[in-house]
Amino acid sequence: MSTTARTGPARAPDVPELPEVETVARLIRRPLVGRRIEGTHVAWERTLGGQPKRAFSRSVRGAHVAAVERRGKYVILVLERDGENAGRILVHLRMTGRLHVDPAGEPERDYTRVVCRLDDGAELRFVDVRKFGRFRFLRDPDEVLGELGPEPLEDGFDATWLRGALRARKRLLKPLLLDQTFLAGLGNIYVDEALHQARLHPLAPAHRVSAPKAAALAEAIRTTLAEAIEREGSSFDVFYRTPEGNPGSYQHQFQVYGRTGKPCRRCGTLVRRIVVGQRGTHLCPRCQPKPRG
DNA sequence: AGCTACTCCTGGTAGC
DNA sequence: TGCTACCAGGAGTAGC
């Protein structure tokens, strides 16, 4: 494993973004939908996002999981009682959060923060090393989901929308794309990848991005995310079935992310790492020239 | 409005 | 080998 001077090893991305969250939602949907939550165990209360564990337990116990959805980087468990809406569990994986549905008798997992026991003996387990993740019950999920920007893979997000939205914002491109109220689901990895594909510099002012560049960016965002979802459909489940959960078991074909000091796959120029808004940012100085002024 | 800095956390790594 | 110091990072918040 090679390392770079100041940035540490080019590690596998363990930070879930839209494609990873979508893959998780698909994986847990089948074993979860139709199940009844019999009880809960909360090992780290702050994971609940402020609700006391007793109240949380009362909120979800006895409810059925009617559907598993995704919005931005949230996994959404739709709860019902007697066929009536009974609120939602919103799961945000943040950095190291993992969701597992383990059949009865599976050994416990390290770093398990919240468990929902199901009526077939299986357990929904929220595992999270760094404790940044959230597993929240909300009667009205719109108070959270209503703040989110559009879904990049759905109607409503296209070149026209993006061009107009960029023109209206006097912000740097990368921090804007990371802002979930602007666009839902992008994180550090896919922003770097999409900007590279569209040949845009992360420090470019949003309102100065040309119409053709905005169109290229919209396309880059869609293809980057869609391809990642495709890949993870075949490989991420392997990772999720491994009790150790080794993130190295699936590899992405990243162009710039985590490739500091390595040649750009398009032009061979060495990939640079800069810091934008306190986040490590990877770019090709030749493909993504710095804007002037 | 939009920027920076700080907070939450812990495993992994660098440097001794 | 073993210790300590520091880093990564999504999102919320405070302060300018």
Side-chain angles (χ1 to χ4, degrees), chain A residues 1-22 24 42-51 70-75 90-99 109-114 126-136 138 141 143-149 152 165-194 202-209 225 243-248 252 254 256-261 273-282 291:
Chain A
M1 177 74 80
S2 69
T3 58
T4 52
R6 288 177 296 104
T7 60
R11 57 191 178 73
D14 51 2
V15 181
E17 303 183 23
L18 188 153
E20 291 75 22
V21 177
E22 176 65 28
V24 170
V42 178
W44 186 257
E45 196 163 27
R46 299 176 74 159
T47 299
L48 302 178
Q51 188 179 31
R70 180 196 58 77
R71 174 83 169 91
K73 299 180 201 170
Y74 288 93
V75 176
L90 298 194
V91 185
H92 199 303
L93 305 173
R94 290 283 178 92
M95 317 283 302
T96 53
R98 303 284 186 263
L99 275 175
R109 293 174 184 268
D110 291 341
Y111 310 111
T112 298
R113 310 304 182 191
V114 178
F126 183 64
V127 175
D128 186 19
V129 170
R130 289 187 205 172
K131 299 178 175 174
F132 284 2
R134 292 294 178 261
F135 193 101
R136 305 177 59 189
L138 289 172
E143 67 184 71
V144 172
L145 303 179
E147 300 296 313
L148 296 177
L166 291 179
R167 211 152 36 181
R169 302 293 205 105
K170 280 195 152 180
R171 291 180 65 180
L172 304 180
L173 211 37
K174 174 157 179 175
L176 180 62
L177 292 173
L178 286 173
D179 184 342
Q180 303 297 297
T181 69
F182 179 76
L183 186 61
L186 290 182
N188 207 36
I189 297 170
Y190 293 106
V191 166
D192 282 5
E193 291 296 310
L203 294 175
H207 65 288
R208 295 213 198 126
V209 174
L225 294 176
E244 291 73 31
N246 178 8
H252 297 265
F254 291 135
V256 286
Y257 184 83
R259 302 193 68 247
T260 310
R273 181 185 187 274
I274 61 175
V275 175
V276 179
Q278 285 88 238
R279 285 143 209 261
T281 297
H282 312 77

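Everything numeric here is computed off the predicted structure, so don't read it as measured data. Letters go in sequence order (proteins before strands), and every chain restarts at 1.
Checked against A/V91 for a side-chain contact (heavy atoms from CB on, under 4.5 Å), the options A/V114, A/T47, A/V21, A/L99 give a single hit: A/L99.
One can place CG of A/N188 at 5 Å from P of C/dG9, the figure rounded to the nearest angstrom. The CG-C1' distance, from A/L186 to C/dG9, rounds to 16 Å in whole Å. Look at NZ on A/K73: it is 13 Å from C1' on C/dG12, rounded to the nearest Å. Remark: P of B/dG12 and CG of A/D110 are 11 Å apart, rounded to the nearest angstrom. Per the geometry, CG belonging to A/L176 stands 8 Å off P belonging to B/dG2, to the nearest Å. Atom CZ of A/R169 is separated from atom C1' of B/dA1 by 9 Å (rounded to the nearest Å). The CG atom of A/D128 sits 10 Å away from the P atom of B/dC9 (whole-angstrom rounding). If you take CG of A/L93 and P of C/dG9, they are 17 Å apart, rounded to a whole angstrom.
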With the criterion being N/O to N/O and under 3.5 Å, what pairs connect the protein with nucleotides 4-8 of chain B, and how long is each?
from: B/dA5; atom 1: N7; to: A/Q278; atom 2: NE2; distance (Å): 3.3

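Not counting sequence neighbours, the partners of A/F182 by the ring pair (Phe, Tyr, Trp, His ring centres under 6.0 Å) test are A/W161.
Closest heavy-atom contact between A/G185 and A/Q180: N-OE1, 2.9 Å. The shortest heavy-atom contact between A/L178 and A/G187 is CD2-C, 3.3 Å. Between A/H92 and A/R94, the shortest heavy-atom contact is ND1-N, 2.9 Å.
At the phosphate of C/dA11, neither OP1 nor OP2 sits under 4.0 Å from any side-chain N or O atom of A/Y74. Within the 4.0 Å cut-off from OP1 or OP2 of B/dG11, at least one side-chain nitrogen or oxygen of A/Y111 is found. Contact between the side-chain N/O atoms of A/R273 and the OP1/OP2 oxygens of C/dA8 is found at a separation under 4.0 Å. Of the side-chain N and O atoms in A/H92, none sit less than 4.0 angstrom from OP1 or OP2 of C/dG10.
In this structure, A/P175 and A/R279 have side chains that are not in contact, with every pair of non-hydrogen atoms separated by 4.5 Å or more.
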Start with the C-alpha gap between A/N188 and A/K174, add the side-chain angles, then the distance that decides, and say whether side-chain contact (heavy atoms from CB on, under 4.5 Å) holds. CA-CA 9 Å; A/N188 207 36; A/K174 174 157 179 175; 2.6 Å; yes
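Formation of a donor-acceptor pair under 3.5 Å by the A/R46 side chain with backbone atoms of A/R134 is not found in this model.
Closest to the A/Q180 side chain, of the nucleotides B/dT10, C/dG9, C/dA11, is C/dA11. Ranking B/dC9, C/dA11, B/dG2 by closeness to the A/R130 side chain, first place goes to B/dC9.
Rounded to the nearest 0.5 Å, atoms CD (A/E20) and CZ (A/R70) are 11.0 Å apart. Distance check, rounded to the nearest 0.5 Å: CZ of A/R259 to CG of A/D192 gives 12.5 Å.
Axis angle across the helix from B/dG2-C/dC16 to B/dC16-C/dG2, with five pairs used at each end and values rounded to 10°: 50°.
Residue contacts shown for A/R279 include a base, since a base heavy atom lies under 4.0 Å away.
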